[in-house]
Amino acid sequence: MKLDHIGIAVESIEKAKIFYEEMGLSIRALEEVPEQKVRVAVFPVGESRIELLETLDPEGPVGKFLAKKGQGLHHIAMKVDDIRAAIAKLKEKGVEMIDREPRRGAEGCLIAFVHPRSTGGVLLELTEKKDE
Ligand code: ZN
């Protein structure tokens with residue numbers, strides 16, 4: 001397993017990206033993920049990435065997060081080889097999944113979220129890449 005990316009909820013990618021660009025990072029992709037109701041800015045950092053998440057809808061998952069907690073760390077994502085196998089294994093161990101089936105995430109990957117109740121309070125995303 002590898003740390004794939006860290007997702008940060010922001011009010012505005014335009015405003016938040018300035019800091020990351022000043023840190024020397026640059027955006028590889030800026031894309032909308034309608035299924036998650038977000039716009040995502042992807043900054044590669046070594047083998048992993050920082051993703052800034054801006055909501056497209058106040059009722060979406062990031063919109064609700066921003067309303068409740070404000071800007072900040074939203075989730076961390078671990079890369080797995082086979083997301084369906086990983087979900088099955090976790091469910092078998094009694095881990096609470098938010099997504100019992102994989103969904104589409106940014107850059108064409110498959111994702112599934114594990115409930116913070118099972119992870120020590122952190123929203124954890126599993127992600128499987130198709131093209132690596
Ligand atoms: Zn993510």
Side-chain angles (χ1 to χ4, degrees):
M1 251 192 208
K2 274 185 182 167
L3 178 64
D4 187 74
H5 65 269
I6 293 171
I8 299 171
V10 299
E11 299 286 352
S12 156
I13 285 174
E14 280 307 304
K15 285 184 188 162
K17 74 173 185 183
I18 296 167
F19 168 77
Y20 295 93
E21 288 174 342
E22 281 173 352
M23 291 272 290
L25 304 177
S26 45
I27 293 182
R28 177 174 73 200
L30 185 60
E31 107 174 76
E32 291 192 0
V33 182
E35 230 184 304
Q36 299 288 332
K37 298 186 167 72
V38 286
R39 181 179 297 119
V40 182
V42 177
F43 292 86
V45 185
E47 283 185 37
S48 38
R49 312 182 307 279
I50 288 175
E51 294 189 356
L52 301 183
L53 312 166
E54 176 188 292
T55 193
L56 298 171
D57 178 351
E59 293 305 311
V62 171
K64 285 181 180 164
F65 179 91
L66 285 167
K68 203 168 146 191
K69 299 188 172 171
Q71 300 192 104
L73 183 60
H74 182 260
H75 67 273
I76 64 171
M78 304 296 281
K79 186 168 144 183
V80 297
D81 292 331
D82 180 343
I83 195 166
R84 286 173 205 280
I87 292 170
K89 201 168 150 188
L90 289 173
K91 282 200 291 199
E92 201 182 281
K93 292 181 191 291
V95 171
E96 191 176 345
M97 298 296 301
I98 292 173
D99 299 308
R100 302 177 78 83
E101 291 294 325
R103 301 196 280 175
R104 210 195 76 82
E107 299 191 307
C109 54
L110 291 172
I111 64 169
F113 284 100
V114 182
H115 201 286
R117 272 195 287 269
S118 290
T119 63
V122 175
L123 180 60
L124 181 77
E125 176 188 331
L126 304 175
T127 178
E128 176 191 325
K129 298 265 181 315
K130 282 293 166 203
D131 53 338
E132 277 180 53

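The chain is numbered in sequence order, starting from 1. For ligands, and for the atoms within them, numbers begin at 1 and follow the listed sequence.
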Sidechain-backbone polar pair: E54 side chain, I13 backbone, donor-acceptor under 3.5 Å
yes

Measure from the side-chain N and O atoms of E128 to the backbone N and O of I83, and report whether any donor-acceptor pair falls under 3.5 Å.
yes

Of all N/O/S atoms in H75, which lies nearest to the Zn ion (ligand 1)?
NE2

Tell me if the NZ atom of K15 is crowded by more than 12 foreign heavy atoms within 6.0 Å.
no

Is there an N/O/S atom in H74 at a distance below 2.8 Å from the Zn ion (ligand 1)?
no

Looking only at N, O or S atoms in E125, which is nearest to the Zn ion (ligand 1)?
OE1

E125: which of K79, H5, H74 passes side chain to side chain donor-acceptor pair (under 3.5 Å)
H5

